[in-house]
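Below is one structure, written out as structure tokens, with a few remarks after it.
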Amino acid sequence: MHPCLLLAIATLPVQDSPALPADSGIVSAILISVDGLRSDAILALPADELPSFTRLRGGTSTLNARCDPDYSITLPNHTSMITGRPVLGPDGHHWIQNDEAPEDATLHKNRGQYVASAFDVVHDRGWHTALLTGKPKFALYDHSYDVEDGAPDTTGPDDGRDKLDDYVYTTKTEEIGDGVLRELGDGSRHCFLFVHFAVTDLTAHVTGWDITPGSKYMKAVQKVDAELGKILAAIDAQPALRGRTAIVLTADHGGGAPFKSHDQHGMWVDYIIPFLVWTGAGPRADLYELNTATRKDPSLANPPTDAAGLPPIRNGEGGNVALQLLGLPAIAGSTLDGKQDLRLH
Ligand SMILES: [Zn+2]
């Protein structure tokens, strides 16, 4: 699809209902990353063939968010999501590898200093944390925030150094959705879940980032949509979760440049990604229209981190936005939504 068409369609209205109050009462936040999800994939099928993505777009959203300007690959971008830092620069997390890391590797050793995460902020307040992933290399995060490498908890009662209560790796997409339902439970415990769907990326590396309806890639997008549907249905069904659970959905990168990969970080197909914030409240709003004082729609560009002027909305804001929805402070040392000033309603 031509990018101008992409941007035109991205502004079409969808559905939704009453406004989110100032004190939103959100007690569970789910940060979802759909690996290799290009924004135009969401537009490639009729709304009723991607019902869950359509519903999530009915919150506050944009299809013109960006991955990191220097890296359009998996681990550097997911590290940005959980730390609120760009990859490079003085505030960067500096994790540039994309292979499975050795067991003794941590984000902190690599950076030469402790790199705090959204898991720290939530766990140090005694709330529940979990990471569910479809790729084994996410073990890097389990190792970085384990009982030996996580920071001491100096906030309130001591909840320990192991910042991740549950770490789940599975190759079965259905087990990711089921795992989210298990972690959410009946809504009686406050939680932050980081959820990673790999099937989209894994499929497209084999058959290409083909957004033609019926392609293997689009079938994978629909498979993720079905899992999102399970999660949304569980939220709808539980009074303790309904209206009290937020979903922030983005992607680590797009894909298609080259056709079966996504490592050309200067190509729009690789860096234009969605950023959707949903609580079940409305009305539907565009994130750039709500944030003209602090963020700027980058049109088709992906400006460098140190560019003059207002930044675009980036996937690396996901962690801090989730914390903002939970009423918790920003991640120590973070700069992406580090002021938690992204207006959501
Ligand atoms: Zn990939």
Side-chain angles (χ1 to χ4, degrees), residues 29-37 39 56 61-62 65-89 91-98 107 111 115-123 129-135 137-142 144-145 163-164 167 176 180 191-198 200-201 224 246-254 262 265 270-278 287 302 305 311-326 328 330-338 340 342 344:
I30 314 170
L31 174 58
I32 299 177
S33 170
V34 184
D35 204 316
L37 180 66
S39 281
L56 294 179
S61 67
T62 179
R66 292 291 180 269
C67 71
D68 186 85
D70 300 306
Y71 291 89
S72 54
I73 51 176
T74 300
L75 280 184
N77 275 278
H78 285 98
T79 305
S80 290
M81 291 179 211
I82 61 168
T83 66
R85 296 168 179 261
V87 180
L88 301 180
D91 302 312
H93 58 69
H94 297 188
W95 189 273
I96 61 171
Q97 301 298 325
N98 202 26
L107 297 175
R111 184 66 176 84
V115 184
S117 69
F119 304 125
D120 294 68
V121 178
V122 176
H123 195 269
T129 57
L131 166 53
L132 301 98
T133 178
K135 286 184 176 174
K137 60 188 171 187
F138 281 56
L140 167 68
Y141 306 131
D142 194 26
S144 293
Y145 301 104
K163 309 300 181 195
L164 257 174
Y167 172 78
I176 298 285
V180 172
C191 68
F192 168 68
L193 312 178
F194 185 35
V195 178
H196 169 243
F197 288 104
T200 30
D201 181 79
V224 173
I247 293 176
V248 180
L249 185 146
T250 187
D252 51 350
H253 51 72
H262 47 77
H265 69 267
D270 289 356
Y271 64 62
I272 298 185
I273 53 170
F275 195 100
L276 319 178
V277 182
W278 178 92
L287 273 170
N302 191 7
T305 297
I313 292 162
R314 294 201 189 274
N315 56 2
E317 302 189 57
N320 274 333
V321 169
L323 295 175
Q324 196 180 323
L325 285 156
L326 289 167
L328 298 179
I331 304 156
S334 64
T335 56
L336 297 169
D337 198 37
Q340 292 185 314
L342 188 70
L344 303 173

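In this text the structure is predicted, and so the values were computed from the model without any measurement.
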### pair Leu287-Leu342: side-chain heavy atoms closer than 4.5 Å
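The answer is yes, as the side chains (C-beta and beyond) meet within the 4.5 Å cut-off.
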
### Val122 vs Leu323 side-chain heavy atoms within contact, under 4.5 Å
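Heavy-atom side-chain distance check passes, below 4.5 Å.
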
Atom [atom1] of [X] and atom [atom2] of [Y]: how far apart are they, to the nearest 0.5 Å?
| X | Y | atom1 | atom2 | answer |
| --- | --- | --- | --- | --- |
| Leu132 | Ile32 | CG | CD1 | 10.0 Å |
| Ile96 | Thr79 | CD1 | OG1 | 11.5 Å |
| Asp68 | Ser80 | CG | OG | 5.0 Å |
| Tyr71 | Trp95 | OH | CH2 | 12.5 Å |
| Leu131 | Phe192 | CG | CZ | 9.0 Å |
| Leu193 | Leu31 | CG | CG | 9.5 Å |

### Task
Could you point out which residue of His78, His262, His196 forms a side chain to side chain donor-acceptor pair (under 3.5 Å) with Asp35?
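Single side chain to side chain donor-acceptor pair (under 3.5 Å) partner of Asp35 among His78, His262, His196: His196.
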
If you compare all heavy atoms of [X] against all heavy atoms of [Y], which two are closest, and at what distance to 0.1 Å?
| X | Y | value |
| --- | --- | --- |
| Ala116 | Ala332 | CB-O, 3.9 Å |
| Thr129 | Phe119 | CG2-O, 3.9 Å |
| Phe275 | Ala65 | CB-CB, 3.6 Å |
| Leu37 | Pro274 | O-CD, 3.5 Å |
| His265 | Tyr271 | O-CD2, 3.2 Å |
| Ala330 | Gly338 | CB-O, 3.3 Å |

### Query
Of the options Asp252, Asp270, Ile273, which is the one that meets Ser72 in a side-chain contact (heavy atoms from CB on, under 4.5 Å)?
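Single pass found, and it is Asp270.
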
### Parallel, tilted or perpendicular, as decided by the 30° and 60° cut-offs, for the rings of Phe138 and Tyr141
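Answer is perpendicular, since the angle exceeds 60°.
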
Using modelled atom types only, decide if a donor and an acceptor are shared between the side chain of [X] and the backbone of [Y] within a distance under 3.5 Å.
| X | Y | answer |
| --- | --- | --- |
| Arg111 | Gly92 | yes |
| Asn315 | His253 | no |
| Thr133 | Lys135 | yes |
| Ser144 | Leu107 | yes |
| Ser61 | Val277 | no |

Just by distance, no angles: are the side chains of [X] and [Y] close enough, under 3.5 Å, to form a donor-acceptor pair?
| X | Y | value |
| --- | --- | --- |
| Ser117 | Asp120 | yes |
| Thr335 | Asp91 | no |
| Asn77 | Arg314 | no |

### Message
Tell me every residue that passes side chain to side chain contact (heavy atoms under 4.5 Å, CB included) with Asn98, counting only those two or more places apart in sequence or in another chain.
### Response
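With neighbours one apart ignored, the set is Ile73, Thr74, Leu75, Pro76, Lys137.
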
### Query
When you look at Met81 and Phe194, which way does the side-chain contact (heavy atoms from CB on, under 4.5 Å) test go after all the steps?
CA-CA 9 Å; Met81 291 179 211; Phe194 185 35; 4.0 Å; yes

